[in-house]
Protein chains: 2
Amino acid sequence: MELKPIAERFVLHWGEMGSRWGVNRTVAQIHALLYLAGRPLDAEEITETLGVARSNVSTSLKELQAWNLARVVHLRGDRRDHFETSTDIWELFKLIVAGRRQREIDPTAVALRECLENPAIADEDEGTRQRIEETLKFIEIMCTLSDEMLRIRPETLMKTLGVSAKISKTFRKKG
Amino acid sequence: MELKPIAERFVLHWGEMGSRWGVNRTVAQIHALLYLAGRPLDAEEITETLGVARSNVSTSLKELQAWNLARVVHLRGDRRDHFETSTDIWELFKLIVAGRRQREIDPTAVALRECLENPAIADEDEGTRQRIEETLKFIEIMCTLSDEMLRIRPETLMKTLGVSAKISKTFRKKG
DNA sequence: CGTGTATTTCTGTCTTTACTGAAACAACTG
DNA sequence: CAGTTGTTTCAGTAAAGACAGAAATACACG
């Protein structure tokens with residue numbers, strides 16, 4: 001597949017941002033490609049389009065699947081695995097938030113709980129203990145909050161918070 | 001400063017998570033240290049406590065200042081710079097969100113706008129153009145939404161969204 | 001059950017980033 | 001204004017991560 005200029009620009013940009021988003025360039029590029037393509041692609045096609053090693057594509061697709069950002073589909077009469085991602089940006093957002101929370105927040109919540117359950121916490125300064133407690137509570141609240149927010153539709157969320165309905169309207173999907 | 005076991009555990013954990021949060025280990029460790037200490041520390045003290053090079057501390061403090069997560073304070077009768085961070089976790093959260101948005105979102109919003117303004121967009125597939133547009137709109141909405149959410153107190157936020165007041169109450173600061 | 005095709009795993013290389021220690025710089029102090 | 005203390009910059013090194021290419025594996029089909 002030959003990318004048209006703007007699509008290429010999008011894919012390359014996504015790749016550059018990948019490292020800031022906690023995934024490597026190739027993973028981000030592949031995701032961008034699947035998203036823009038809007039149809040299942042096989043690994044070979046991805047390899048050629050992006051100009052990276054076939055093995056790299058394989059590994060990256062594995063990682064995308066671990067994020068639930070890509071799934072395998074089969075086309076009739078074709079032995080090869082094909083991959084697709086959701087084209088619903090809100091759906092993608094939810095998956096990314098879930099993935100990041102799992103990688104960036106959950107381990108800390110666990111560690112903080114262990115800190116507070118450890119009898120040695122009694123030896124720490126009162127202020128230190130208090131701040132660790134507060135941090136854990138904050139994390140728990142934020143998790144609850146984000147769960148709640150991801151459950152409801154973004155339009156509802158905007159309305160609830162009294163954010164201008166104008167933007168909200170323009171956002172509503174065509175379907 | 002000699003760290004007690006739990007405080008050390010906290011600082012080391014924060015450091016390990018740093019890379020997932022988009023800052024390096026030392027930066028994250030220093031921030032954890034300042035947070036737990038709850039009082040201004042000078043660079044030398046940080047160096048000794050963490051066992052890293054003095055220059056590394058200097059660089060990392062610069063980065064923390066770039067995030068607005070640390071500020072210089074002076075103690076009377078002491079020539080040295082001292083550094084402190086907020087001990088208000090909600091305040092810290094807001095600063096971190098602001099910093100991450102600036103690094104992780106804003107460049108993409110700019111790039112997408114450029115894509116859509118480029119006349120070459122006309123040559124792209126209809127679906128591609130639509131998805132790029134949708135993505136930009138989504139990002140703009142999310143920015144508005146997060147601005148809105150960061151403005152109000154977390155307790156209010158919880159209430160607005162109808163999240164159990166129980167957790168919210170336990171969170172309320174002692175002060 | 002052998003052959004061709006698709007896919008993954010592995011090993012080494014390259015790139016990037018973090019970090020140290022030394023040197024340069026800046027700012028106070030007597 | 002020389003000495004002292006504090007801070008930053010810089011060059012080289014070490015560690016981590018990403019990636020390519022080869023080898024190995026799995027799988028479908030006759």
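Chain identifiers are assigned alphabetically (A, B, ...) following the order of the sequence lines, protein sequences preceding nucleic acid strands; residue numbering begins at 1 within each chain. Side chains are part of it too, since the values below use all heavy atoms of this structure and drop only hydrogens, waters and symmetry mates. All of these numbers come straight from a predicted model, not from anything done at the bench.
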CZ of B:Arg80 versus P of D:dT8: gap in Å, rounded? 14 Å
Spacing between B:Asp81 atom CG and C:dA27 atom P, to the nearest angstrom: 11 Å
In whole angstroms, the gap separating C1' of D:dT7 from CG of B:Leu64 amounts to 16 Å
Phosphate OP1/OP2 of D:dT9 contacted by B:Ser58 side-chain N/O (<4.0 Å): no
Atom CZ of A:Arg79 to atom P of C:dA6: distance rounded to whole Å? 6 Å
So does A:Arg39 pair up with A:Glu45, basic N to acidic O under 4.0 Å? yes
Nearest heavy atom decides the nucleotide; on that basis, is A:Asn56 or B:Phe83 closer to the 5' end of DNA chain D? B:Phe83
Whole angstrom value for the distance that separates P of C:dT17 from CZ of B:Arg20: 19 Å
Could you state the atom-to-atom distance from CD1 of B:Ile30 to P of C:dA18 in whole Å? 13 Å
Kindly check if the number of other-residue, nucleotide or ligand heavy atoms within 6.0 Å of CZ (B:Arg25) is above 12? no
Rounded to the Å, how far apart are A:Lys62 NZ and D:dT25 C1'? 12 Å
Evaluate the side-chain contact (heavy atoms from CB on, under 4.5 Å) criterion for residues A:Thr135 and B:Trp14: first the C-alpha distance (whole Å), next the side-chain angles of each, then the deciding distance (0.1 Å), finally the verdict. CA-CA 12 Å; A:Thr135 306; B:Trp14 223 249; 4.0 Å; yes
May I ask you to say whether A:Glu148 pairs ionically with A:Arg151, meaning some side-chain N is under 4.0 Å from a carboxylate O? yes
Which residue lies more 5' along DNA chain D, comparing B:Ser19 with A:Ser55 via nearest heavy atoms: B:Ser19
Rounded to whole Å, CG of B:Asp78 lies from P of C:dA27 at a distance of 17 Å
For C:dG21, does either OP1 or OP2 sit under 4.0 Å from a side-chain N or O belonging to B:Arg54? no
Looking only at side-chain N and O atoms, does A:Arg25 come under 4.0 Å of OP1 or OP2 in D:dC19? yes
Could you tell me whether A:Glu140 and A:Arg113 have a side-chain N and a carboxylate O separated by less than 4.0 Å? yes
Could you tell me whether the phosphate oxygens of C:dC19, OP1 or OP2, come under 4.0 Å of any side-chain nitrogen or oxygen in B:Asn24? yes
